[in-house]
Amino acid sequence: MKTTNIMIVGVGGQGSLLASKLLGRLLLDEGYDVKVSEVHGMSQRGGSVVTYVRFGERVYSPVIAEGEADFIVSFEKLEAARWAACLAPTGRIIVNTQEIDPMPVLIGNATYPGEVLSELVAKGVAVDAVDALSLARAAGSAKAVNIVLMAKLAKYLPIPEEKWLAAIEKTVKPRFVELNKTAFHTSYDN
Amino acid sequence: MKQLMIGNEAVARGLYEGGLSLVSSYPGTPSTEITEFLSAYGDIHSEWAPNEKVAAEVAFCASLGGVRAACAMKHVGLNVAADPLFTLSYTGVNGGLVICVADDPAMHSSQNEQDSRHYAIAAKVPMLEPADSAEALAFSREAFALSEQFDTPVLLRMCTRVSHSQSVVEIGERVATEPKLYEKNGAKFIMMPGNAKKRHPVVEARTAALAAYGEDCPFNRVEMGGTDIGIITSGTCYQYVKEVFGDSVSVLKIGMPNPLPEKLFTDFAAKVDKLYVIEELDPIIETHCKNLGLSVVGKELFSPIGEYSQATIRAAFGLPTEAVPTADSDIPARPPMMCAGCPHRGLFYTLSKNKITVLGDIGCYTLGAVPPLSALDSTLCMGASVSGLHGFNLAGDAERSKRSVAVIGDSTFMHSGMTGLVNIAYNASNSTVIILDNSITGMTGHQHNPTTGYNIKGDPAAKVDLEALCHALGINRVRVVDPYDLAACDAAVKEELAAEEPSVIISRRPCVLLKTVKTNPPLSVNEDKCKKCKKCATLGCPAISIKDGKAHIDSTLCVGCDVCMQLCKFNAIEKGGDRA
C-alpha cells in the first residue's frame with residue numbers, strides 16, 4: 001500500500017503536539033507502520049512549526065517533502081499557505097481560518113495576506129476551511145481546536161469514529177477526555 | 001508490545017535495558033529528552049549537572065567506580081566536554097560508559113552545525129549512529145557491552161531527525177549487571193606523562209581492533225538489491241535512500257561511523273557498478289572511501305550544509321518531483337519570538353531604548369536579537385557574553401564600558417558565566433553584567449538548574465544564592481531589579497553603567513510559562529484614547545498588533561504583565577479585558 005502523508009502545521013504553542021500524539025497512537029493501534037517527526041526547541045516560541053505524520057505498510061523517511069503531502073492540517077490560515085508547496089496534486093488542505101499575525105505584521109513591516117486560501121482554491125487546490133476556534137468554543141474550550149481539526153481529517157481516513165474516540169481516551173489527560181470527545185464528535189458530525 | 005517513541009526516549013530505554021546506573025547531563029536541544037526520560041526510572045541515579053564537562057566527569061568516575069554510566073548533550077556541549085573525552089580515550093573505563101551527542105543539521109535550535117563524528121576520530125573512540133528509534137534503543141543497549149569489551153568510552157551520535165522522530169520500537173528487559181570492583185590502577189587512570197605515554201599505544205591498538213570488529217559487527221550491514229548503483233550511507237540518510245530507491249539499489253548502511261573497516265567497503269564496492277556516499281554534514285565516510293582508493297561520488301552531489309530529505313536525493317539523481325501551485329501573496333516570515341509576558345522583554349526594551357551594546361548568550365533571551373527590539377550585538381557560545389564583554393570593553397576607550405553590557409541567563413551563568421565574572425573582578429574590568437534570572441532553564445523546555453532550588457526529579461535541592469555568589473566572586477555592586485518595572489530597569493542600567501567598578505544587575509522574574517506563575521487578566525486598548533503612536537508595538541509583544549493604525553491587544557495571548565501600560569503616554573491601555 002502507498003504511504004499516507006499528513007502534515008500538521010501551525011504556530012508554536014497551538015497544541016499541534018497533542019494532535020500528532022493522538023494520530024500516532026491511533027495509527028499504531030490500527031496496525032500500521034508509523035513515523036512522526038517534529039522539531040522541539042527554539043522554533044516553538046511562537047514560530048512556524050510543522051509535524052510530519054506518515055503511515056503505511058513500511059515507512060522509511062520521517063519527513064514529507066515538496067509535492068508529497070496527502071493532507072495538510074493547518075492550525076492557522078497563513079501557515080497553510082506557507083506549507084502549500086508540500087501538498088501532493090491530489091492532496092487536500094484542512095485549515096483553521098483563525099489568523100495569527102506573525103511579528104513582521106504585528107510591527108507593521110508586512111501585511112497579513114488575507115486572501116491566501118481563495119488564491120489556492122483558484123488554482124485548483126482542495127481546501128476545507130474550518131472555523132475551528134468557534135467549534136472548539138462551542139464544545140467548551142478554545143484549546144480543543146486541535147481535536148476539532150483532527151475530526152475533520154478523520155472523515156478522510158479509513159478509520160471509524162469510535163476508534164478515534166478510543167485513542168482520545170488513551171492520549172488525553174483524564175479530566176480533559178470528555179471535553180475532547182465532545183469536540184471531536186461535534187466537529188465530525190458538522 | 002509495539003509502541004511509538006521519539007529517538008531520545010528510545011535511547012533512554014536502551015540505556016536502561018543495558019544496565020545503566022547513573023546519568024548526568026546538561027540540557028541542550030535536541031538531546032534533552034534522553035535524560036528527562038531516564039529520570040523517570042526509579043532504579044537509575046539521574047541528575048542535571050551545571051555543564052557538560054561536569055556531567056561527563058561525573059559519568060566517567062561512576063564508570064571508574066564500577067557501574068555503567070552515561071551522559072547526554074547537544075553537539076556544542078561536546079565541545080565543553082571535549083577536555084575529559086580526549087583523555088578518557090586513554091584511561092578507558094571500568095563500568096561501561098556511553099556519551100550521547102545529538103547533532104543539529106539545519107540548526108533548528110543551534111548556533112552552528114558541527115559534525116560530531118570528527119570528535120570520535122580525533123579522540124579515537126568508537127561511535128555508533130542509529131537511523132531510527134528501534135536502532136536508537138538497540139544501539140544504546142549494546143553500547144555498554146562494546147564499551148567494556150574494548151575498554152573505551154562509546155559515543156552515540158544522534159541528530160535532530162532521529163532524536164525527535166517517533167517510530168516503532170519493542171521494549172525488552174533490563175539486563176542484570178553487578179557493579180565491578182574498583183581497584184587502584186594508577187598506570188591506567190593517572191594520566192601523567194609517564195603513564196599516558198604507555199596508554200597511547202593501547203589506544204592505537206584498540207582502534208585497529210575496533211576497525212576489524214566493524215567488518216562484521218551488528219551495527220554495519222549490507223542490503224544487496226540492484227547492483228547498478230551502490231550507496232554507502234548512515235543515520236537518517238539511510239531512510240531517505242530507502243524511501244527513494246527501495247530495493248532497486250544496494251546499500252551499505254554504516255551504524256558505526258568510527259572506526260571504519262576496510263574490507264567491508266572494498267567488498268561492497270566490488271559488487272556494484274557505481275558507488276555513492278550519502279551522509280549529512282561533512283564527508284567523513286567519503287574521505288575513508290577515497291583513502292581506500294575507491295571511486296565514489298559524494299559531496300560534489302550533496303551539500304555539506306543542512307539536513308537532507310528524500311527530495312535532496314531525488315534532486316541529486318535527477319528524479320522528477322511534483323510541481324505544486326502556491327499562493328500568489330507574499331507569505332510573511334514567522335520567526336520565533338519572546339512570549340507575551342516574557343520577563344526578558346522589559347529589560348531588553350530598556351537596553352534597546354538606551355542604545356546599549358549588548359553581548360548576548362545562549363537561551364530564550366537570544367530572541368532579544370529579533371526586531372523590533374534588535375537588542376543584541378553578538379551571540380557566540382555558552383558563557384561568552386560575560387568573558388567577552390571584558391575584552392570588548394578593553395578594545396575601546398573608557399566610554400565604551402559605559403555603553404556596553406553582557407546578558408546571560410541563570411542556567412547559562414551556572415554553566416560557564418561564573419568564570420568570566422571572576423575574570424572581570426580579578427582584572428578590575430569596569431564591566432556591567434546582567435543576569436536574566438527567570439528561575440528555570442527556559443529554551444530547552446524548563447529544566448531545573450542549581451539556581452532554582454529543585455533537582456531533576458522536582459525534589460528540593462540546594463539553591464545557589466546569586467547575589468552572594470557574585471559578591472564572593474569579587475563584585476561589590478550587585479543589585480536586583482524586576483524586569484516588569486521599566487523605570488527601575490532604566491535606573492539600574494544607567495546607574496550601574498555609570499559606576500566606576502564592575503557591577504552585576506540581576507533581572508529577576510520567573511518564566512511566564514512556568515505552571516507556578518499566576519498571570520493577570522488581559523489588558524485592553526481604549527480606542528478613544530489610542531493616538532496611533534505605535535509606541536507599544538516597539539516592545540515586540542505577540543499580543544499587541546496594530547489594526548488600522550490603532551493598537552489592539554489579543555486577549556487570548558495577553559497575560560497582563562503591564563509593561564505596555566507603562567509605555568503608553570495616553571493611558572490608552574487599560575486593565576479589564578475579557579479572557580476568551
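The basis for the numbers below is simple: all heavy atoms, side chains too, and nothing from hydrogens, waters or symmetry mates. The structure displayed is predicted, hence computed values, not measured ones.
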Engineer: Heavy-atom distance under 4.5 Å to chain A: side chain of D330(B), backbone, both or neither?
Structural biologist: backbone

Engineer: For T538(B), is it the side chain, the backbone, both, or neither that has a heavy atom closer than 4.5 Å to a heavy atom of chain A?
Structural biologist: neither

Engineer: When only pairs under 4.5 Å are counted, which of G67(A), A65(A), S37(A) shares the most heavy-atom pairs with chain B?
Structural biologist: S37(A)

Engineer: Run the numbers on Q310(B) and S61(A) for side chain to side chain contact (heavy atoms under 4.5 Å, CB included), then give the verdict.
Structural biologist: CA-CA 7 Å; Q310(B) 54 269 37; S61(A) 172; 2.7 Å; yes

Engineer: Take a 6.0 Å sphere around CG of D548(B) and say whether it holds more than 12 heavy atoms from other residues, nucleotides or ligands.
Structural biologist: no

Engineer: Around K2(A), counting heavy atoms of other residues, nucleotides and ligands shown, do more than 12 lie under 6.0 Å from its NZ?
Structural biologist: yes

Engineer: Check whether any side-chain N or O of Q166(B) sits under 3.5 Å from a backbone N or O of V36(A) as a donor-acceptor pair, and report yes or no.
Structural biologist: no

Engineer: Which region of I546(B), side chain (C-beta onward) or backbone (N, CA, C, O), has a non-hydrogen atom less than 4.5 Å from a non-hydrogen atom of chain A, or is it both or neither?
Structural biologist: both

Engineer: Does K550(B) NZ have over 12 foreign heavy atoms under 6.0 Å away?
Structural biologist: yes

Engineer: Below 4.5 Å from any heavy atom of chain A, which atoms of P372(B) appear? Answer side chain, backbone, both or neither.
Structural biologist: both

Engineer: Any carboxylate oxygen within less than 4.0 angstrom of a Lys/Arg side-chain nitrogen, looking at E68(A) and R314(B)?
Structural biologist: yes

Engineer: Picking from V241(B), D104(B), T326(B), D328(B), which has the most non-hydrogen pairs under 4.5 angstrom with chain A?
Structural biologist: D328(B)

Engineer: Which heavy atom of L106(A) sits nearest to which heavy atom of S545(B), and what is that distance?
Structural biologist: CD2-CB, 3.4 Å

Engineer: Do T321(B) and E66(A) have side-chain atoms, one donor and one acceptor, less than 3.5 Å apart?
Structural biologist: no

Engineer: Would you call K547(B) and D101(A) a salt bridge, using N to O less than 4.0 angstrom?
Structural biologist: yes

Engineer: Should we count NZ of K2(B) as having more than 12 external heavy atoms under 6.0 Å?
Structural biologist: no

Engineer: For the residue pair L28(A) and V168(B), what are the closest heavy atoms and their distance?
Structural biologist: CD1-CG2, 3.6 Å

Engineer: Any chance you could lay out the side chain to side chain contact (heavy atoms under 4.5 Å, CB included) test for K35(A) and D132(B), step after step, and finish with the verdict?
Structural biologist: CA-CA 9 Å; K35(A) 283 194 175 165; D132(B) 59 18; 4.3 Å; yes

Engineer: Taking every non-hydrogen pair under 4.5 Å, which of Q239(B), R334(B), Q3(B) racks up the most with chain A?
Structural biologist: R334(B)

Engineer: With chain B as the partner, which of T3(A), I100(A), D33(A) has the greatest number of non-hydrogen pairs under 4.5 Å?
Structural biologist: I100(A)

Engineer: Can you give me the closest heavy-atom contact between P325(B) and L120(A), atom names plus distance?
Structural biologist: O-CD2, 4.2 Å

Engineer: Would you please test L4(B) and R25(A) for side chain to side chain contact (heavy atoms under 4.5 Å, CB included) and show each step?
Structural biologist: CA-CA 7 Å; L4(B) 278 178; R25(A) 177 66 197 241; over 6 Å; no

Engineer: Pick one of side chain, backbone, both or neither for V105(A), based on which atoms fall under 4.5 Å of a heavy atom in chain B.
Structural biologist: side chain

Engineer: So what's closer than 4.5 Å to chain A heavy atoms on L513(B): side chain, backbone, both or neither?
Structural biologist: side chain

Engineer: Name the member of P332(B), S167(B), P30(B) that forms the most heavy-atom pairs with chain A at distances under 4.5 Å.
Structural biologist: P332(B)

Engineer: If I compare all heavy atoms of P371(B) with all of M103(A), which pair ends up nearest, and what's the gap?
Structural biologist: O-CG, 3.6 Å

Engineer: Can you check whether A327(B)'s main-chain N or O pairs, donor with acceptor, with K123(A)'s side chain at less than 3.5 Å?
Structural biologist: no

Engineer: Identify the two heavy atoms, one from V324(B) and one from A85(A), that lie closest to each other, and give their separation to 0.1 Å.
Structural biologist: CG2-O, 3.5 Å

Engineer: Is it true that E243(B) and R54(A) have a side-chain N and a carboxylate O under 4.0 angstrom from each other?
Structural biologist: yes

Engineer: Take atom NE2 of H185(A) as the centre, draw a 6.0 Å sphere, and report whether it contains more than 12 heavy atoms from other residues, nucleotides or ligands.
Structural biologist: no

Engineer: Below 4.5 Å from any heavy atom of chain B, which atoms of V63(A) appear? Answer side chain, backbone, both or neither.
Structural biologist: both

Engineer: Between E119(A) and S329(B), does a side-chain hydrogen bond (donor to acceptor under 3.5 Å, both in side chains) hold up when you go through it step by step?
Structural biologist: CA-CA 8 Å; E119(A) 289 169 16; S329(B) 300; 2.5 Å; yes

Engineer: Does a sphere of radius 6.0 Å around NZ in K181(A) hold more than 12 heavy atoms from other residues, nucleotides or ligands, not counting ones at 6.0 Å or beyond?
Structural biologist: yes

Engineer: Quick check on C541(B) against chain A: is it the side chain, the backbone, both or neither that has a heavy atom closer than 4.5 Å?
Structural biologist: backbone

Engineer: Select, from G114(A), P89(A), S118(A), the one with the greatest count of heavy-atom pairs under 4.5 Å involving chain B.
Structural biologist: P89(A)

Engineer: Is the count of non-hydrogen atoms from other residues, nucleotides or ligands lying under 6.0 Å from E99(A) atom CD greater than 12?
Structural biologist: yes

Engineer: Going by heavy atoms in the side chains, are S309(B) and Y52(A) under 4.5 Å from each other?
Structural biologist: no

Engineer: Distance from E38(A) atom CD to H108(B) atom NE2, nearest 0.5 Å?
Structural biologist: 12.0 Å

Engineer: Looking at every heavy atom in both I331(B) and R82(A), which two are closest together, and how far apart are they?
Structural biologist: CG2-NH1, 3.7 Å

Engineer: So do P104(A) and P335(B) actually touch side chain to side chain, heavy atoms under 4.5 Å?
Structural biologist: yes

